[in-house]
Amino acid sequence: MIRTMSNSEINVKILRFSREIGKEPYYQTYRVPLNERMSVSNILQFINERYDGGLAFYQSCRCGLCKGCVVMVNGKSVLSCTKIVTGDIVVEPRDRKKVIKDLVGY
Ligand code: FES
């Protein structure tokens with residue numbers, strides 16, 4: 001479980017999509033308390049644990065080695081496990097054409 005100690009909150013806007021459901025992709029925004037040194041992965045984990053257990057995203061090594069957690073954050077390709085968040089973010093999958101669900105692709 002991720003603990004937060006700060007009073008600041010950020011907006012995290014995530015592009016959602018499920019190939020199974022087949023609806024058009026849509027953005028969903030969450031308000032998330034921001035702690036120092038929170039990575040994008042930490043924030044996605046927080047949302048998954050607190051708000052939406054159906055949010056799909058990739059995690060493996062969590063230390064920048066496997067390169068499997070690439071997502072687009074504010075339009076730039078980043079490793080979600082090492083990218084530290086300092087303000088509002090928009091999180092999208094690496095390749096929208098290859099999305100299986102939310103931020104997970106093939
Ligand atoms: S989870 Fe392995 S590089 Fe991010």
Side-chain angles (χ1 to χ4, degrees):
M1 174 185 288
I2 300 164
R3 297 199 182 280
T4 58
M5 299 168 69
S6 169
N7 288 332
S8 65
E9 287 191 335
I10 60 167
N11 290 317
V12 180
K13 185 174 171 183
I14 301 175
L15 186 61
R16 307 291 306 269
F17 174 73
S18 172
R19 194 173 281 261
E20 281 183 3
I21 296 171
K23 283 192 335 189
E24 289 296 311
Y26 63 96
Y27 286 96
Q28 190 162 5
T29 302
Y30 304 88
R31 291 284 292 168
V32 176
L34 184 63
N35 197 356
E36 269 186 56
R37 307 290 304 162
M38 278 181 96
S39 69
V40 174
S41 284
N42 293 149
I43 286 172
L44 296 174
Q45 184 73 40
F46 182 91
I47 292 169
N48 186 271
E49 289 177 2
R50 300 281 179 93
Y51 302 137
D52 188 346
L55 175 65
F57 61 100
Y58 182 88
Q59 280 193 115
S60 185
C61 71
R62 300 183 190 188
C63 61
L65 292 176
C66 74
K67 314 292 187 218
C69 66
V70 175
V71 292
M72 303 299 288
V73 173
N74 297 341
K76 294 183 179 168
S77 177
V78 301
L79 292 175
S80 65
C81 66
T82 59
K83 176 66 177 175
I84 300 301
V85 177
T86 58
D88 294 348
I89 54 173
V90 178
V91 186
E92 300 167 314
R94 171 178 28 185
D95 185 344
R96 290 180 186 214
K97 294 177 185 164
K98 295 182 176 179
V99 172
I100 297 169
K101 185 170 186 220
D102 300 330
L103 303 172
V104 176
Y106 56 90

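Start at 1 and go down the list; that is how both ligands and their atoms are numbered. Keep in mind that the numbers below use all heavy atoms, side chains included, and drop hydrogens, waters and symmetry copies.
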Heavy-atom contacts under 4.0 Å between Thr82 and ligand 1: side chain, backbone, both, or neither?
-> neither

Ligand-side contact atoms (ligand 1) for residue partner [X], heavy atom cut-off under 4.0 Å:
X	value
Gly64	3 (S)
Cys81	1 (S), 3 (S), 4 (Fe)
Leu65	3 (S)
Ser60	1 (S)

Can you tell me if [X] uses its side chain to pair, donor with acceptor, with the backbone of [Y] under 3.5 Å?
X	Y	value
Asn48	Leu55	yes
Asp88	Asn11	yes
Asn74	Val90	yes

Specify whether an N/O/S atom of Cys63 falls short of 2.8 Å from atom 4 (Fe) of ligand 1.
-> no

Presence of N, O or S from Cys69 under 2.8 Å of atom 4 (Fe) of ligand 1 = yes

Atom 2 (Fe) of ligand 1: angle it makes with SG (Cys61) and SG (Cys66), nearest 10 degrees | 110°

Could you find the nearest protein heavy atom to atom 1 (S) of ligand 1 and give me its residue, atom name and distance?
-> Arg62 N, 3.3 Å

Closest protein heavy atom (residue, atom, distance) for atom 3 (S) of ligand 1 = Lys67 N, 3.2 Å

Show the numbers, then the answer: is there a side-chain contact (heavy atoms from CB on, under 4.5 Å) between Leu15 and Arg96?
-> CA-CA 9 Å; Leu15 186 61; Arg96 290 180 186 214; 3.6 Å; yes

Side chains of Gln28 and Tyr30, donor plus acceptor under 3.5 Å | yes

Does CZ in Arg37 sit with more than 12 non-hydrogen atoms of other residues, nucleotides or ligands closer than 6.0 Å?
-> no

Would you say Ile89 and Ile14 are hydrophobically clustered, going by side-chain heavy atoms of ILVMFWY under 4.5 Å?
-> yes

